[in-house]
Amino acid sequence: RAPNSSEFPEPFDLARVKVFPLAQRKSLSRVEDILVSLDSEPVECAPEVMATVRGCAHAIREARRRNASVMLIYGAHLLRNGSALLIDKMLSDGWLTHLATNGAGTIHDWEFAFSGVSTESVEDNVATGTFGTWDETSRNIHLALLAGGLAGYGYGRALGAFVEQDGVLLPAVSELESQLRMEPSNPFSPARADLLLAMRQHGIKGGRIDVSHPWRRASIVASAFRHSIPLTVHPGIGYDIISNHPMFNGAVIGRAAGVDFRLFASAVERVDAGVVLSIGSAIMGPQVFEKTISCVNNVRIQEGREIVSGHKIFVVDLQDGGGWDWSKGEPPKTNPAYYLRFCKSFSRMGGAMHYCQSDNLRFIQRLAWELRG
């Protein structure tokens with residue numbers, strides 16, 4: 001029997017979630033313990049890994065000589081393993097033109113920059129109802145995205161500005177109300193309305209909100225903002241701990257991520273003869289790349305241009321690649337390797353795909369050193 005409207009359940013009320021100060025959490029990672037110095041000698045890698053590193057470095061040099069995109073797509077573990085200074089150096093030297101990560105990559109990034117610690121026990125804290133219920137993390141990331149929405153910023157740029165500038169400047173409630181009355185059809189009206197609602201519901205006042213980030217050297221989003229390099233964020237609604245907070249607003253996150261999807265596509269538009277480097281991004285990277293390259297090819301075909309070509313894709317992950325030689329294309333569906341998304345999807349994206357089984361930090365450290373030479 002189909003349920004009637006009175007039987008349909010109400011959405012869970014996140015206002016009932018009790019949040020706690022971040023300082024109360026038992027954090028498992030400290031900046032001082034993980035951050036890799038630029039002068040640290042790289043750990044030895046297997047010969048096949050070094051061959052891929054050298055091939056990747058050569059491809060990056062050639063791409064930059066042609067002014068093509070060099071895109072680094074990374075999962076949260078690359079940041080958590082202490083790579084921020086290495087990536088900052090590669091940005092400073094002009095080797096990378098676009099960064100992309102998932103929501104978790106920015107959450108650990110912000111927590112390190114703000115408090116010098118990050119990471120919690122999922123198993124222990126789910127059982128006590130405290131997993132992800134840390135007030136400052138969700139509150140400040142939402143503040144960054146709410147403020148960035150007024151300027152049309154994506155997730156990465158908004159959070160990078162928040163960290164690098166130690167907070168935000170918010171308009172007064174009366175100013176937002178006036179703008180909404182006078183310009184209801186303004187493209188920024190949804191962002192203004194979301195900010196107004198958050199300010200009313202959570203007692204946020206207009207003016208300067210100062211949030212110090214004493215460990216910003218460990219922040220990749222701040223580094224990208226400082227170097228004016230796009231860093232795009234591709235989160236999932238409900239995937240990340242910022243959902244576990246009364247301030248959670250999926251529209252705010254979606255709006256910022258929508259801007260970043262289009263920025264990612266702009267980088268793909270320039271990736272002919274360029275490089276795509278995906279490190280530890282088993283789901284987000286291949287999924288976003290395949291949609292954006294399809295969009296770019298769609299427009300190019302309409303305009304009578306050639307589709308994206310000549311790019312090289314380097315995929316790095318700890319998994320073994322299913323024992324399949326991906327240079328031969330994808331395996332049949334009867335082979336378990338077929339279901340490795342991070343290999344299969346990228347192997348379908350044109351260009352030449354190279355898979356390398358490696359610890360992500362060791363790979364990026366070796367690559368950074370190779371590019372310095």
Side-chain angles (χ1 to χ4, degrees), residues 34-102 105 109 217-221 223-224 227 229-232 267 271 273-282 284-286 289 310-321 326-327 342-343 346 349 351-373:
I34 66 163
L35 199 59
V36 176
S37 167
L38 292 173
D39 299 322
S40 297
E41 188 73 26
V43 178
E44 287 296 323
C45 293
E48 60 270 22
V49 174
M50 284 306 305
T52 304
V53 167
R54 294 188 184 101
C56 184
H58 175 74
I60 289 173
R61 290 191 183 96
E62 288 298 301
R64 295 309 299 131
R65 185 176 63 82
R66 297 186 176 96
N67 201 30
S69 292
V70 176
M71 305 175 68
L72 170 60
I73 306 168
Y74 64 95
H77 280 86
L78 188 63
L79 179 279
R80 286 175 54 185
N81 289 346
S83 66
L85 297 180
L86 301 170
I87 293 174
D88 179 78
K89 176 64 174 173
M90 293 171 74
L91 290 172
S92 177
D93 290 347
W95 296 121
L96 303 174
T97 66
H98 188 100
L99 303 178
T101 192
N102 54 15
D109 190 300
R217 70 185 187 282
S219 168
I220 297 175
V221 297
S223 175
H227 292 296
I229 299 296
L231 184 153
T232 55
V271 84
V275 173
V276 179
L277 175 58
S278 178
I279 300 185
S281 183
M284 178 279 292
F289 190 83
H311 51 295
K312 295 183 178 180
I313 303 172
F314 295 86
V315 181
V316 180
D317 206 283
L318 280 171
Q319 298 187 61
D320 64 9
W326 288 93
S327 67
F342 58 91
C343 288
F346 277 122
M349 296 299 106
M353 194 276 273
H354 307 269
Y355 180 67
C356 180
Q357 182 185 4
S358 173
D359 174 88
N360 53 33
L361 177 62
R362 289 187 183 184
F363 188 95
I364 201 72
Q365 189 178 19
R366 278 289 176 184
L367 179 61
W369 273 66
E370 192 74 18
L371 289 169
R372 289 171 68 177

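Throughout, residue positions are numbered sequentially from 1 according to the sequence presented.
- In this structure, Thr97 and Ala68 approach most closely via the heavy-atom pair CG2-O, 4.3 Å.
- Between atom CZ of residue Arg217 and atom OG of residue Ser223 there is a gap of 13.5 Å, rounded to the nearest 0.5 Å.
- Val43 approaches Arg366 most closely through the heavy-atom pair O-NE, 3.2 Å.
- Applying the salt bridge (charged side-chain N to carboxylate O under 4.0 Å, His left out) test to Lys312 and every residue at least two apart in sequence or in another chain returns nothing.
- Side-chain contact between Ile364 and Met90 is present, with heavy atoms from C-beta onward closer than 4.5 Å.
- Checked by atom type and distance alone, the side chain of Ser69 never pairs as donor or acceptor with a backbone atom of Gly274 at under 3.5 Å.
- Here the side chains of Leu371 and Arg61 are in contact, with some heavy-atom distance below 4.5 Å.
- Val316 places a side-chain heavy atom less than 4.5 Å from the side chain of Leu277.
- Between Val275 and Arg64, every side-chain heavy-atom pair lies at or beyond the 4.5 Å cut-off.
- The closest side-chain heavy-atom distance from Trp95 to Lys89 is not below 4.5 Å.
- Heavy atoms only, all atoms of each residue included: Asp359 and Leu361 are closest at OD2-N, 3.1 Å.
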Please tabulate, one pair per line, all N/O donor-acceptor pairs under 3.5 Å involving side-chain atoms of residues 74-87, not counting sequence neighbours.
residue : atom : partner : partner atom : Å
Asn81   : ND2  : His77   : O            : 3.2
Asn81   : ND2  : Asn360  : OD1          : 2.9
Ser83   : OG   : Leu78   : O            : 2.7

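- Nearest heavy atom pair, residue Ala267 against residue Met71, reads CB-CE, 3.7 Å.
- Of the possible donor and acceptor atoms, one in the side chain of Ser37 sits under 3.5 Å from a partner among the backbone N and O of Asp39.
- Between the Asn102 side chain and the Met284 main chain, no donor and acceptor come within less than 3.5 Å of each other.
- When the side-chain contact (heavy atoms from CB on, under 4.5 Å) test is applied to Ala282, the partners found at least two apart in sequence or on another chain are Asp317, Phe342.
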Residues 46-59, side-chain donor-acceptor partners within the protein, below 3.5 Å, at least two apart:
residue : atom : partner : partner atom : Å
Thr52   : OG1  : Glu48   : O            : 3.1

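- Annotation: side chain of His354 is not in contact with side chain of Trp326 (no heavy-atom distance under 4.5 Å).
- No side-chain heavy atom of Leu367 sits under 4.5 Å from any side-chain heavy atom of Phe314.
- Closest non-hydrogen pair, His227 versus Leu91, comes out as CD2-CB, 3.8 Å.
- In this structure Ala100 satisfies the side-chain contact (heavy atoms from CB on, under 4.5 Å) test together with Ile73, His98, Thr232, His234, Phe264, sequence neighbours excluded.
- Scored by the side-chain contact (heavy atoms from CB on, under 4.5 Å) test, Asp320 finds Gln357 as partners (sequence neighbours excluded).
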